[in-house]
Amino acid sequence: MSDVVKLETAPRDPRFPSTNQTMTCWVRYLEWKRCQSKDGEDSDECKKLRRWAYAMCPIDWVERWEEQQQDGTFPGPKFE
Amino acid sequence: MKFFFFSFINYKVLNDAARPWQIGFQDPATPIMEGIVNLHHDIIFFLIIIIIFVSWILFRTLFLFNSKTNPVAYNFSHGTFIELLWTLTPSLVLIGIAVPSFALLYSIDEIIDPAITIKAVGRQWYWSYEYSDYVNEENEFLAFDSYILPEEDLELGQFRLLEVDNRIIIPVNTHIRIIVTGADVIHSWAVPSLGVKCDAIPGRLNQISFFIKREGIYYGQCSEICGVNHGFIPIVIEAVSFDDYIRWVQNKILD
């Protein structure tokens, strides 16, 4: 028999309860980036936030933002 | 020799795709759709009473009170009781319709944490689906495009203009969150059996939640004009058991 598998995804963000989840995706992405700059990529918290950001945001958006970060044209806050 | 076997078992064939000349709903597969069908029955009850009553009044007025049959018009201008009646009765009817309607509306917005997030990206002219809960270290995850099957590739029994090459596989009895967006123009992700329709707007992520109660294959179509092939972007959801879903995800990831 298979092991017990638990499906997990990004939880609902109570700050954005309605149908429009654009801000949820943006905020999750920024939280991941902030965690990355603070704790480094390998911390468990950052891995969790990365999964949440990928769960909420389309890959096109994430890739575009990653390119913008490398080019220095990212419209969001800069986390050193 | 030929043997004829008579089956006395009634087979229930569930309607989860559009039928020719269909008037009614498709069979519901989610609590939301069941709620919509029940609300429809509640409203139709009042609707039929009102249609009969208004038609009766209209025909009586036309045939019994025209100038030939009724040359002397009545010269009273008000009647308090009847005016109260024809104000209060519609208000009560509206309350009778509003109560189940609001109950359904607010129950759709109940706060439940989903177990799976799937992104549906509308493109010209196909849907892309991303199961990015399962992203790995190299930023790879399960994603695929879903194109319509052309008529020449259909097998016997398949639906014209509704079948796709890659279906969305979803486990039953699990809370699903679908995030819908558009990549180029506005599309709309709609599956009638699940009671779900959501616009796919570029630059915006719209979230819908549902909970499929039975296994089956559910069909839908793009519901917002998006160009010349707007009628040829179907959506097919295959609801499977939890174990089948896990096996499918694992196989896809291994691929």
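The chains referred to below are lettered A, B, ... by the order of the sequence lines, with proteins before strands, and numbering in each begins at 1.
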Which word best sums up how the rings of B:Tyr147 and B:Tyr126 line up, parallel for under 30°, tilted for 30 to 60°, or perpendicular for over 60°?
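Parallel: the ring planes of B:Tyr147 and B:Tyr126 meet at under 30°.
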Distance to the ring centre below 6.0 angstrom and angle to the axis at most 45 degrees; does that hold for B:Lys119 and A:Tyr54?
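No.
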Distance check, rounded to the nearest 0.5 Å: A:Trp65 atom CH2 versus A:Glu67 atom CD?
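Answer rounded to 0.5 Å: 13.0 Å.
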Inter-residue atom distance A:Cys25.SG - A:Arg28.CZ, 0.5 Å rounding:
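The distance works out to 10.5 Å.
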Under a 4.5 Å heavy-atom cut-off, does chain B meet the side chain of [X], its backbone, both or neither?
X       : answer
A:Met23 : neither
A:Trp52 : neither
A:Glu8  : backbone

Name the region of [X], side chain, backbone, both or neither, that has any atom closer than 4.5 Å to a heavy atom of chain A.
X        : value
B:Ile112 : backbone
B:Arg177 : side chain
B:Ile116 : both
B:Ser209 : side chain
B:Tyr245 : side chain

Apply side-chain hydrogen bond (donor to acceptor under 3.5 Å, both in side chains) to B:Thr181 and B:Arg204, showing your working.
CA-CA 6 Å; B:Thr181 186; B:Arg204 180 181 167 116; over 6 Å; no
Classify the side-chain pair B:Ser188/B:Asp199 by whether it contains a donor and acceptor separated by less than 3.5 Å.
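A pair is found: one side chain offers a donor N or O, the other an acceptor, under 3.5 Å apart.
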